[in-house]
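Structure first, commentary second.
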Amino acid sequence: MDKLRRVLSGQDDEEQGLTAQVLDASSLSFNTRLKWFVICFVCGIFFSILGTGLLWLPGGIKLFAVFYTFGNLAALASTCFLMGPVKQLKKMFETTRLLATIIMLLCFVFTLCAALWWHKKGLALLFCILQFLSMTWYSLSYIPYARDAVIKCCSSLLS
């Protein structure tokens, strides 16, 4: 409808920037975005649980690391459907969550490196735990005052 309005008002697509044209051409309806968010999020949870189940098999640390990391990546990618990939990347690298994003992405890479190339089971498991904690800390950054509440709870438990 917006495109029709622009054409009827005399604004051509050439007057729009390339980015606006791409975003306009690839826009999805809210229902479609919501469906794909749920699909990706459920797949992420499924792969994370599947990876955890495979941990107990002989040599399952490699499968665990791959499926658990893939599950977290799918859950992270699911939010791209809600806000769009460009906005998601901008929000990921804002100053409030920059450190959490970097640690989370490094944990993804180090988990796979420890399990697949370095063959260090304990290190892979440690990076999976750090992956979970960094993903949780990153997710809490989207909830107002959630990080402050967690810090206060932890500091009261420690004192």
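Since the structure is predicted, the reported quantities are computational estimates derived from the model, not experimental observations.
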Value rounded to 0.5 Å, distance of [atom1] in [X] from [atom2] in [Y]:
X    : Y    : atom1 : atom2 : answer
I151 : L140 : CD1   : CG    : 10.0 Å
S78  : L34  : OG    : CG    : 10.5 Å
I61  : K121 : CD1   : NZ    : 7.5 Å
S48  : L73  : OG    : CG    : 9.5 Å
W118 : F127 : CH2   : CZ    : 5.5 Å
L76  : M92  : CG    : CE    : 4.5 Å

| According to the interplanar angle, ranging from 0 to 90°, do the rings of F67 and F47 count as parallel (below 30°), tilted (30 to 60°) or perpendicular (above 60°)? |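 Ring orientation of F67 relative to F47: parallel.
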| said: Checking S139 against T136: is there a side-chain donor and acceptor pair closer than 3.5 Å? | reply: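 On atom types as modelled, these side chains do not qualify, holding no pair under 3.5 Å.
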Counting only heavy atoms not in [X] (residues, nucleotides, ligands), do more than 12 fall under 6.0 Å from its [atom1]?
X    : atom1 : result
F132 : CZ    : no
Y138 : OH    : yes
W137 : CH2   : yes

Report whether [X] and [Y] are members of the same hydrophobic cluster (ILVMFWY, side-chain heavy atoms less than 4.5 Å apart, transitive linking).
X   : Y   : value
L99 : L89 : no
F70 : I45 : no
W56 : L50 : no

Heavy-atom pair with the smallest gap, counting every atom of [X] and [Y]:
X    : Y    : value
Y68  : C128 : CE2-O, 3.8 Å
F64  : L125 : CE2-CD1, 3.8 Å
M135 : N72  : CE-O, 3.3 Å

Taking side chain as C-beta onward, heavy atoms only, is [X] less than 4.5 Å from [Y]?
X    : Y    : value
C107 : L130 : yes
M83  : R33  : no
K91  : Y142 : yes

| request: Could you go through the side-chain contact (heavy atoms from CB on, under 4.5 Å) check for L105 and V109 one step at a time? | output: CA-CA 6 Å; L105 295 175; V109 172; 5.9 Å; no
| message | As a quick check of understanding, evaluate side-chain contact (heavy atoms from CB on, under 4.5 Å) for K152 and R147, giving each step before the final call. | response | CA-CA 9 Å; K152 286 181 183 177; R147 285 179 167 181; over 6 Å; no
| message | Looking at A65, is its backbone amide N or carbonyl O close enough to the side chain of T111 to form a donor-acceptor pair, meaning the two atoms are under 3.5 Å apart? | response | no
| side-chain contact (heavy atoms from CB on, under 4.5 Å) assessment of T52 paired with I49 | CA-CA 5 Å; T52 305; I49 292 172; 5.5 Å; no
